[in-house]
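Notes for the one structure printed next.
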Amino acid sequence: YYAASGLVQPRVHVFDENWKRVSHYPANAIEEGQTRAGIADAQLADLDGDGKLELVVGYFGAVGVEIASLDGNRLMRNRELANVSRLAVLGRDQSGNRSLLCAADGVLVRLDSKLDRLDDIKLNRMVNWVAVDNLDAGQKPDICCLCPTDAFAQVAVGTNARGQELWDHALPQGMFEHPVEQVL
């Protein structure tokens, strides 16, 4: 499956392997003239370990984070977070669930598979982007954040789940003309 949406657009579309649209979410975003803030990020993930992918959506504004089934029905939401600019899925815990890292209002927030807040990862910087992978097949995730230093510059920061900075790298100044995936 593939999830596709534009930055600050009202909904995200889900496609199968043949690029046939399976659903869109939220279904009523355009038809009812919904005024909610636009989508910032969407991820496909099986957070609860039931073997079924769900669509996880983060919003700008006060909408927060929502989980929907692939057929477009909302399953749960957390409106506690605002301005969720980026989502990243962490590895499975001992019970088979995954947690979610959210870059929200400049802070990293970890949510469990039911979108309940677990903790915050406190960096001494504002965070507007997060990416997670397990690069060395170890037990702990590799977390990379992008942190603005001024209006046109950012620094990439490697951190662990406790917020300890492991490395940083200043990125060249400037802005992309079009939205791009800045960290893959």
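Note: hydrogens, waters and symmetry copies are ignored here, and every other heavy atom, side chains too, is used.
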Does any N or O in the side chain of [X] come within less than 3.5 Å of the main-chain N or O of [Y], such that one atom is a donor and the other an acceptor?
X: T159; Y: I143; value: no
X: D48; Y: D50; value: yes
X: S85; Y: N128; value: yes
X: D142; Y: L135; value: yes
X: D41; Y: L87; value: yes

Is any side-chain heavy atom of [X] closer than 4.5 Å to a side-chain heavy atom of [Y]?
X: R92; Y: D46; answer: yes
X: F60; Y: V84; answer: no
X: V89; Y: V132; answer: no
X: V127; Y: L146; answer: no
X: L111; Y: C102; answer: yes
X: V157; Y: C144; answer: no
X: L81; Y: R117; answer: yes
X: L108; Y: V130; answer: yes

Sequence neighbours excluded, which residues qualify as salt bridge (Lys or Arg N to Asp or Glu O under 4.0 Å) partners of [X]?
X: D119; value: R110
X: D168; value: R125
X: D93; value: none

Shortest non-hydrogen contact between [X] and [Y], atoms and distance:
X: V12; Y: L55; result: CG1-CD2, 3.3 Å
X: N78; Y: L115; result: ND2-O, 2.6 Å
X: D16; Y: Y1; result: CA-CD2, 4.0 Å
X: V56; Y: A45; result: CG2-CB, 4.5 Å
X: I67; Y: E54; result: CG2-CB, 3.6 Å
X: P10; Y: P26; result: O-CD, 3.5 Å

Exercise. State which residues pass side chain to side chain donor-acceptor pair (under 3.5 Å) with N97; sequence neighbours excluded, sorted by chain then number.
Key: S95
Self-check item: Polar contact flag, side-chain donor to acceptor under 3.5 angstrom, D71-N73
Solution: yes
Practice problem: Identify, with sequence neighbours excluded, every residue that meets ring pair (Phe, Tyr, Trp, His ring centres under 6.0 Å) alongside W19. | Solution: Y2, F15
Quiz item: How would you list all residue pairs meeting salt bridge (charged side-chain N to carboxylate O under 4.0 Å, His left out) that involve residues 147-162, not counting sequence neighbours?
Solution: none
Quiz item: Does W129 share a hydrophobic cluster with L100, counting links as ILVMFWY side-chain heavy atoms below 4.5 Å and allowing steps through other members?
Solution: no
